[in-house]
Amino acid sequence: GRWHQPLSDRSMTRLFFYHQGHFKTRAIREEDRYPSVEGVRIAYVADLTFFKPMKYRDDLDNLGCKVYFDNDKNICFIENTDGSIIFPDTPRWEHAKQKVRSSLFTEVALEHLNHYHLTWGNVPSQALRMFLPPTNPLRIALTAHFFRTHQTCLQARDFLVNKRGPLGRALPFDYEDGWKKALVGMMENFRFRFWPDEIEDRGVNFTVGATDAVGLHTVMTRYASGLVDEAYPDVSIFEKDADLRKSYEHLVEKLPGVPKEYTMDNVKRVWGEILFRVTGGHSSVGNAAIAAIEPFFVNFRQTTNDDWSIVEGSREVIYVVSVITGLTMPSEYPSLAQNWTQVLHDEGSAAYSRLRLDLAQLGDEIDERNNEREFVNVDFHPEVAAISIFS
């Protein structure tokens, strides 16, 4: 849906509960150490301090910060890099909000690249192509969800990871002890998790990541389960398939956290998780269009000398954000709602027929939620979520 007053306090609620920020927002826990402010009862926090330890260039400001919300999801205050607290309606407030949005954009963009493309997209695609023969029905059925994955990863190497690429030049970090350190650190931090477990741990069972996303997760897991049953109608066939076993062992090796035991149930659940991540999960983590549309939404080149009473834009930032958000996205792309029976192992697949019905029902449910909720989100809608992690 269209953003009204994207720089307002209310849009911070949208950003962190019904947009990209839902990946970072969690409920306050008893063991949390957070600022105590008289008269303010906080309930949720988005910790954006991943980039705090990095080395920064020249006089560019540190992106590390935290943002706090109350039980009604209203923004309460922002904790700056140095621990200072910035409140609404103070001279530094708008500048601090821009810093929060910039930090979120940068961290989620890095997760989009590292966790989604280079990991969720790349590793399962390897597992299919390196170990399963071209005639394997599971490989045939799943390959559609990894269309153009390797091309995108190669583009990222030259365009996003390279020292002289737009991000390497525009981001505020030193390359070796900043951007490169962040890339390696995030890759090392990757852990395979089932999305519903992640939502439960974060204590946010009402965000778009809990409602729409969990719905799509259920649908894609059921689809993966049906595909495995069709490919291996007897468990003995499954247990004797040395190629599939090697393929699963590759996932265990490259995706820390994948259940190690080779069982039919684990294969179903793991591939269900992967299908969710490379479809709706990827569509949501990559939805950064508002950062390109509104020129003052992000500015990750704020300086330590800035007048905090003034919110400024940056030509370099606007250029880079506009380019990277539209680099590989075609004007038309296949979505989950479209028909792809022509690339399946069996055009009469019962698992696929069930998927069509499940996706239609999910779309209706999301439409109903969007009619009721204040902020529209269609990231996980079958008509919007791409079939493949291709851009």
Side-chain angles (χ1 to χ4, degrees), residues 1-26 44-52 54 56 60-69 73-81 84-113 167 170-173 182 207-209 284-304 306-326 375 377 379:
R2 181 180 177 184
W3 285 66
H4 299 281
Q5 298 181 319
L7 306 183
S8 67
D9 288 7
R10 194 60 187 156
S11 284
M12 296 294 280
T13 297
R14 177 175 190 171
L15 181 62
F16 282 92
F17 293 93
Y18 302 96
H19 199 64
Q20 276 187 322
H22 77 82
F23 286 95
K24 294 294 165 187
T25 305
R26 64 171 176 81
Y44 306 99
V45 61
D47 187 333
L48 302 172
T49 56
F50 176 78
F51 294 116
K52 186 175 179 178
M54 307 305 164
Y56 286 73
L60 297 179
D61 197 16
N62 194 302
L63 289 176
C65 57
K66 297 179 182 179
V67 58
Y68 296 86
F69 299 84
K73 303 184 285 294
N74 297 311
I75 186 170
C76 296
F77 55 81
I78 293 166
E79 183 179 353
N80 196 20
T81 310
S84 61
I85 304 301
I86 303 160
F87 294 98
D89 301 321
T90 59
R92 304 175 67 190
W93 183 240
E94 295 301 326
H95 191 280
K97 285 196 303 179
Q98 187 188 57
K99 181 175 183 175
V100 167
R101 295 190 299 262
S102 302
S103 183
L104 174 68
F105 172 86
T106 308
E107 188 167 340
V108 172
L110 185 56
E111 288 192 7
H112 181 190
L113 169 62
L167 277 185
L171 287 172
F173 318 112
T207 68
V208 67
S284 185
V285 79
N287 184 1
I290 185 59
I293 294 170
E294 168 51 59
F296 295 98
F297 199 80
V298 299
N299 179 12
F300 40 73
R301 293 180 66 85
Q302 291 182 349
T303 76
T304 55
D306 280 352
D307 179 351
W308 275 59
S309 65
I310 300 174
V311 176
E312 296 181 343
S314 164
R315 288 186 178 182
E316 294 93 336
V317 170
I318 294 171
Y319 169 76
V320 169
V321 170
S322 298
V323 169
I324 67 173
T325 54
F375 303 114
N377 183 288
D379 290 348

message: Going by the rule side chain to side chain donor-acceptor pair (under 3.5 Å), which residues pair with His22 if we only count those two or more places apart in sequence or in a different chain?
response: Ser284
field: Partner set under ring-ring contact (aromatic ring centres under 6.0 Å, His included) for Phe173, not counting sequence neighbours
entry: Phe51, Tyr56
message: Using the side chain to side chain contact (heavy atoms under 4.5 Å, CB included) criterion, which residues pair with Ser84? Sequence neighbours excluded.
response: Asn80, Asp82, Arg92
Side chain to side chain donor-acceptor pair (under 3.5 Å) partners for Thr90, two or more places apart: none
- request: Run the numbers on Phe300 and Leu171 for side chain to side chain contact (heavy atoms under 4.5 Å, CB included), then give the verdict.
  value: CA-CA 7 Å; Phe300 40 73; Leu171 287 172; 3.7 Å; yes
Parallel, tilted or perpendicular: rings of Phe375 and Tyr18 (30°, 60°): tilted
- prompt: Stepwise, does the side chain to side chain contact (heavy atoms under 4.5 Å, CB included) test hold for Val320 with Leu167?
  reply: CA-CA 7 Å; Val320 169; Leu167 277 185; 3.8 Å; yes
message: For Tyr319, I'd like to know if atom OH has over 12 heavy atoms of other residues, nucleotides or ligands within 6.0 Å.
response: no
field: Minimum-distance pair of heavy atoms, taken over all atoms of Asp9 and Glu94
entry: OD1-OE2, 4.4 Å
message: Please check this pair: side chain of Ser103 against backbone of Gly64, looking for a donor-acceptor N/O pair closer than 3.5 Å.
response: no
- prompt: Quick one: ring-ring contact (aromatic ring centres under 6.0 Å, His included) partners of Tyr44, sequence neighbours excluded?
  reply: Phe17, Phe206
message: Going by side chain to side chain contact (heavy atoms under 4.5 Å, CB included), name the residues that satisfy it together with Asp61, two or more places apart in sequence or in a different chain.
response: Lys99, Gln302, Thr304, Trp308
query: So, does Asp379 use its side chain to make a donor-acceptor pair with the main chain of Asn287 at under 3.5 Å?
result: no
statement: CZ of Arg10 to CG of Asn74, rounded to nearest 0.5 Å, is 5.0 Å
Listed partners of Phe50 passing ring-ring contact (aromatic ring centres under 6.0 Å, His included), at least two apart: none
task: With the side chain counted from C-beta on, respond yes when Val317 and Val298 share a heavy-atom pair under 4.5 Å apart, and no when they do not.
output: yes
message: With a 3.5 Å distance limit and no angle check, can you tell me whether Thr81 reaches the backbone of Cys65 through a side-chain donor-acceptor pair?
response: no
field: Reported CD-to-OG distance for the pair Gln5 and Ser11, which is rounded to 0.5 angstrom
entry: 7.0 Å
- prompt: Which salt bridge (Lys or Arg N to Asp or Glu O under 4.0 Å) pairs, counting each pair once, include a residue from residues 100-110, with sequence neighbours left out?
  reply: Lys24-Glu107
message: I'd like to know whether Val45 forms a side chain to side chain contact (heavy atoms under 4.5 Å, CB included) with Val67, so could you lay out the CA-CA distance, the side-chain angles of the two residues, the decisive distance to 0.1 Å, and finally the verdict.
response: CA-CA 6 Å; Val45 61; Val67 58; over 6 Å; no
- request: Check the pair Leu7, Phe297 against side chain to side chain contact (heavy atoms under 4.5 Å, CB included), reporting the backbone distance first and the verdict last.
  value: CA-CA 7 Å; Leu7 306 183; Phe297 199 80; 4.1 Å; yes
query: Between the side chains of Arg14 and Asn377, is a donor N or O closer than 3.5 angstrom to an acceptor N or O?
result: no
statement: One should read off an interatomic distance between Asn299 CG and Asp306 CG, to the nearest 0.5 angstrom, of 7.5 Å
statement: Those residues at least two apart in sequence (or on a different chain) that pass side chain to side chain contact (heavy atoms under 4.5 Å, CB included) with Pro295 are Ile318
query: Is the side chain of Gln98 donor-acceptor paired with the backbone N or O of Glu312 at a distance under 3.5 Å, no angle test?
result: yes
query: Do any N or O atoms from the side chain of Asn62 and from the backbone of Lys52 form a donor-acceptor pair under 3.5 angstrom?
result: yes
field: For Ile290 against Pro6, the heavy-atom pair lying closest together
entry: CD1-CB, 4.0 Å
task: Of all the heavy-atom pairs spanning Ala46 and Thr25, show the shortest one and how long it is.
output: CB-OG1, 4.2 Å
task: Kindly give the heavy-atom pair with the smallest separation between Ile86 and Trp93, and that separation in Å.
output: O-CZ3, 3.2 Å
- prompt: side chain to side chain donor-acceptor pair (under 3.5 Å) with Thr106: which residues, sequence neighbours excluded?
  reply: none
- request: Taking the side chain as every heavy atom from C-beta outward, state whether Ile78 and Ile85 have any pair of such atoms under 4.5 Å apart.
  value: no
statement: With sequence neighbours left out, the residues meeting side chain to side chain donor-acceptor pair (under 3.5 Å) with Asp89 are none
task: Find the distance between CD (Glu79) and CG (Leu48) and round it off to the nearest 0.5 Å.
output: 11.0 Å
statement: Those residues at least two apart in sequence (or on a different chain) that pass side chain to side chain contact (heavy atoms under 4.5 Å, CB included) with Val285 are Phe23, Val108, His112, Tyr116
message: In the structure I gave you, are the side-chain heavy atoms of Ile75 and Phe16 within less than 4.5 Å of one another anywhere?
response: no
field: Over all atoms of both residues, closest heavy-atom pair of Cys76 and Pro88
entry: O-CD, 3.1 Å
- request: Quick one: sort the Trp3 and His19 rings into parallel, tilted or perpendicular, breaks at 30° and 60°.
  value: perpendicular
query: Under 3.5 Å, side chain of Ser314 to main-chain N/O of Arg301, donor-acceptor pair present?
result: no
task: Report the distance from atom NZ of Lys66 to atom CZ of Phe77, rounding to the nearest 0.5 Å.
output: 10.5 Å
